[in-house]
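Lettering of chains follows the sequences in order, A, B, ..., and the numbering in each one begins at 1.
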Amino acid sequence: MARYNPKETEPKWRDAWASAEAFKAVRDPGKPKYYVLEMFPYPSGRLHMGHVRNYAMGDVIARFKRARGFSVLHPMGWDAFGLPAENAAMERGVDPKGWTYDNIDRMRAELKELGLSIDWSREFATCDVGYYGKQQAWFLDLFERGLVYRKESVVNWDPVDQTVLANEQVVDGRGWRSGAVVEKRKLNQWAMRITDYADQLTDDLKALDRWPEKVRVMQENWIGRSKGLRFRFHFAGDAPAESLEVYTTRPDTLFGASFVGVAADHPLAEAVAANDPKAAAFIEECRKGAATEAEIETAEKRGYDTGLKVKHPFDPNWELPVWIANFILMDYGTGAIFACPAHDQRDLDFVRKYGLPVKPVVLPPGEDAAAFAVGDEAYTGPGVIYNSRFLDGLDIEAAKAEAIARIEAQGDGEGATVFRLRDWGVSRQRAWGCPIPVVHCPTDGVVPVPKDQLPVAHPADIEFGKAGNALERHPTWKHTTCPVCSGPATRETDTLDTFVDSSWYFARFANPWADEPISREDADYWLPVDQYIGGIEHAVLHLLYARFVTKALADDGQLAVREPFAGLFTQGMVTHETYRRQNGEWVEPKDIEIVAEGKTRRAMLVGSGEPVVIGDVEKMSKSKRNTVAPEEIFDVYGVDAARLFVLSDSPAERDVQWTTGGVQGAWRFVNRVWDEFDSHVPAPAGAEPDPELRRATHKLIRQVTESIDGFRFNSGIARLYEFLNLLKSNPARDAAPAVLAARQEALSAFARLIAPFTPHLAEECWARIGGEGMVVAAPWPDFDPALTEDAVKVLPVQVNGKRRGEISAPAGAEPADVEKLVLADPEIASKLEGLTVRKIIVVKDRIVNIVAA
RNA sequence: GCCGCCGUAGCUCAGUGGUAGAGCGCAUCCUUGGUAAGGCUGAGGUCGGCAGUUCAAUCCUGCCCGGCGGCACCA
């Protein structure tokens, strides 16, 4: 047998696909469309195993759908703006643009080596002026619609690097790169009104039935919609303000009110502090205490009684004290609350400390009104309202509605929906991003750059290599003239958050050559993305921003769809064992030799033999040095074996552990497959195929088809492994004509079934058995449902629930007939000796149970 | 604390209200002219624990234990 040689066959087939333009996406009115997309990569310069797995999955879907007759769009691009390029510029004195495009060239070559069925003609990078110029165009459209605005906001400022940092870039209060203590600064920042869409973004999640439940829940939590009542308390006596506005989700418990509280940085608290040193001291303490999240979580409830009183909205004679409390957040709701300790744990903890009253107003089912009391645990369950005058006897929902109606009638407030979501701050003080296309004019203020002057491109001679914003520093770039008055003006030097770049790229892929940002005609055909694939780490950020931008552009008439991704799949990571020397140094897998002694394994350094500690299995990362370079694997085992392994060893949504043994197993499979095809013998004309092998083939087609449809790639591959064993036990050599005929059908199907996973091998196999054209153009094999069922069923026979024998019966045999067969069976009869048969339960085609005593 | 996912062979995982499976690993043997390879055979499981429903539970229900992830003073 000739050994399979991937180094020779793999490039050959990639060339053949390229010259046939096999993956060109075409709008074909005669076919249903299918848009499959994997989250595009950041061009770091090197492909890692996580990319291999992510893109292999998308490729399986793309090839499968193509074979099933869909017109498929499967594009690729680069999320190419961002900090790493500027950091490389600073560390190595290179040009970010050159660095980025060099990386893209390297990674494109590696991705192409993977044999992905991508329409490369649509490729673009977000740092192409042809892309970000279009982004500037729709940015201005949203600006015109009022969805983009400038606001003062507090940001993380790195005083050494002279830039704003995202929250993720602040580690323990210090800039992740400079190590400098991050300052809070108030800056004029560009923001997008994502909060205008908070309701839609929540409601529309329900219709995303092909998204993981987990991601939908995470987005729902992040947006954090709550419905309640916003209303004003009126002060009793002198006070520094007219009234105090609070927000509550429990207006039904208003008669259980114990006190009113405000956040330490609430204007009222500050007003009180102006004349009350003790209050000022308390506020100061609160600010200091809230240094880290962990401290906030565990912080004890503390408060300060301002001495002010407010009137209960339903009883002017009932006065409630006003406290400043450390557990109230200024940036949620109105920064002020009314407290009902009987039915809110935080309020209860607070009043237990300060001796304020606790009055229950919700009676749990089955409790006695006279006896029910709240101890150290607030009651938040269902029940009937009592102790509440006109609300008595109502359930919680009815009481909420009634309380809101009364407050509204009094003119003291209104029903309100409050969100946790904040507007999206998109300004970055970085040069390597999409310039914000506006100018600042001393007479006309903020003026958008006219569309016919777009794109606002980076200057060619941009000087990186120093901290801070190189656009700001550039000697001439920012000086321009005002489009309105033609007087001198300056350009905005902030650039857009790179999440803006990735919030619409999927729409640009529909027609990346279009003059307008999005070609309606092409987008209407291709969108939404039918299957989107990527990591769970984008569950909130990218996936939320993309949904928002899609809705905003749809309202502007630039898109028809209101959701970008009809189906979402979040794949697991690639992990590997970690290795450490005695001195704690991490060691790469390729420098390790593993010795198995029975069931235990020892690791040592290659060469020196120094023992190495085998550590936990963790996500492949540079810092733990537990990475395996894809190109080295491709070199030894070929691309197909690598693709096969990352898909075969775990369910797609779970992590997969990379092991040498595993990839060798995949490599052996590739060779065994080739062996079967290489030994192929055509069947003599007119031979009837062996029925058993034939049934197995049709069962396999069904199983693999269903596995791919359900994203159970590992399961489908397991069936292919099993089937290969079956082929091995029905070899072509010296085979009867019936077996050869059945093998012919089996191999023809098998070559097409493995094509999504190991496309190069599939082509080689297909050619070996004389398949027509290439597998990429061949239709997916069909199965005959009748052939996927066995003609004769083996039914286990149980006596009182324990297996006592088995019988064979034709498929679909009636229970009465099966009963006769069972009772006639001598082995079973012997087991029934001395017993009286009470009942026989026959489950068609499955099992028989005899109840006897 | 709340929500979600997971627990099946040494490892990674299929699977089903009715006979417990695959790949890898391990062991035995064969091959030594596919040879830094190939093949045969085999061992290995109280299906996390306890209870319930059922003729029958790894599967359904409840409780508990363990692991992972997300959210968390959000009024």
Side-chain angles (χ1 to χ4, degrees), chain A residues 1-3 212-222 224-226 228-229 246-251 253 261 263 290 293 296-301 325-329 331-340 343-347 349-350 418-421 536 539-540 575 596-601 617 645 648-651 653-666 668-669 671-672 675 678 703 707 712 714-722 724-725 728 794-806 838-843 845-852:
Chain A
M1 142 183 151
R3 264 184 107 183
E213 172 71 16
K214 184 180 182 167
V215 175
R216 286 187 291 175
V217 169
M218 283 168 74
Q219 291 212 354
E220 204 175 327
N221 289 342
W222 184 265
R225 176 165 70 188
S226 81
L229 169 68
V246 303
Y247 172 75
T248 181
T249 55
R250 294 298 302 270
T253 64
E293 288 225 344
I296 295 167
E297 281 166 36
T298 52
E300 201 186 334
K301 305 265 179 298
N326 67 339
F327 69 93
I328 300 168
L329 306 174
D331 57 358
Y332 185 80
T334 64
I337 61 155
F338 91 84
C340 176
H343 305 294
D344 183 291
Q345 192 60 47
R346 295 156 303 181
D347 298 347
D349 293 345
F350 189 87
V418 163
F419 298 92
R420 180 184 172 279
L421 185 69
I536 186 86
V540 171
T575 63
E597 288 167 347
K599 277 170 188 175
T600 61
R601 297 161 68 246
V617 174
F645 174 59
S648 68
D649 224 39
S650 273
E653 68 277 14
R654 255 190 265 175
D655 292 352
V656 66
Q657 186 185 341
W658 184 274
T659 59
T660 308
V663 71
Q664 283 170 347
R668 273 200 287 274
F669 175 78
N671 278 285
R672 280 152 43 99
D675 191 23
D678 193 37
Q703 288 167 331
S707 293
R712 295 186 303 271
N714 61 323
S715 186
I717 293 167
R719 299 290 91 75
L720 290 166
Y721 270 79
E722 283 170 38
L724 187 67
N725 285 337
K728 284 260 173 229
V794 176
L795 307 185
V797 179
Q798 297 179 336
V799 177
N800 292 333
K802 286 187 178 152
R803 188 168 179 277
R804 291 289 183 244
E806 61 185 36
R838 295 263 156 91
K839 193 174 170 189
I840 300 182
I841 299 141
V842 178
V843 182
D845 291 344
R846 309 215 58 169
I847 200 167
V848 181
N849 191 18
I850 302 170
V851 185

Nearest-nucleotide check on RNA chain B, Asp655(A) vs Tyr332(A); residue mapping nearer the 5' end is Asp655(A)
If you assign Val217(A) and Ile337(A) each to the RNA chain B nucleotide with the nearest heavy atom, which residue ends up on the more 5' nucleotide? Val217(A)
Please report the distance separating the C1' of A72(B) from the corresponding atom of C2(B), rounded so that it comes out in whole Å.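 Approximately 8 Å lies between the C1' atom of A72(B) and that of C2(B).
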Among residues at least two apart in sequence or on other chains, which ones pass ring-ring contact (aromatic ring centres under 6.0 Å, His included) with Tyr247(A)? none
Identify, with sequence neighbours excluded, every residue that meets ring-ring contact (aromatic ring centres under 6.0 Å, His included) alongside Phe645(A).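 By the ring-ring contact (aromatic ring centres under 6.0 Å, His included) rule, Phe645(A) matches Trp658(A).
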Counting just side-chain N and O atoms, does Arg668(A) come under 4.0 Å of either OP1 or OP2 of G25(B)?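 Yes.
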Think Arg420(A) has a side-chain N or O under 4.0 angstrom from the OP1 or OP2 of A72(B)? yes
Using the side chain to side chain contact (heavy atoms under 4.5 Å, CB included) criterion, which residues pair with [X]? Sequence neighbours excluded.
X: Arg225(A); answer: Asp199(A), Thr202(A), Asp203(A), Thr417(A), Phe419(A)
X: Ala263(A); answer: Asp265(A), His266(A), Ile328(A), Met330(A)
X: Asp344(A); answer: Arg346(A), Asp347(A)

Expressed as a whole number of angstroms, how long is the span from Asn221(A):CG to C73(B):P?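 To the nearest whole Å, that distance equals 12 Å.
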Let's test your reading of the model: under 3.5 Å, does the base of C3(B) pair with the side chain of Lys214(A) as donor and acceptor? no
Syn or anti for G52(B), given that syn means the glycosidic angle lies within 90° of 0? anti
In terms of side-chain heavy atoms of Arg712(A), which of C11(B), G15(B), A75(B) is nearest?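 Nearest to the side chain of Arg712(A) among the choices is G15(B).
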What dot-bracket string describes RNA chain B from 5' to 3', counting Watson-Crick and G-U wobble pairs whose defining distances are under 3.5 Å, with [ ] for crossing pairs and | for pairs to another strand? (((((((..((((....[..)))).((.((.......)).)).....(((((..]....))))))))))))....
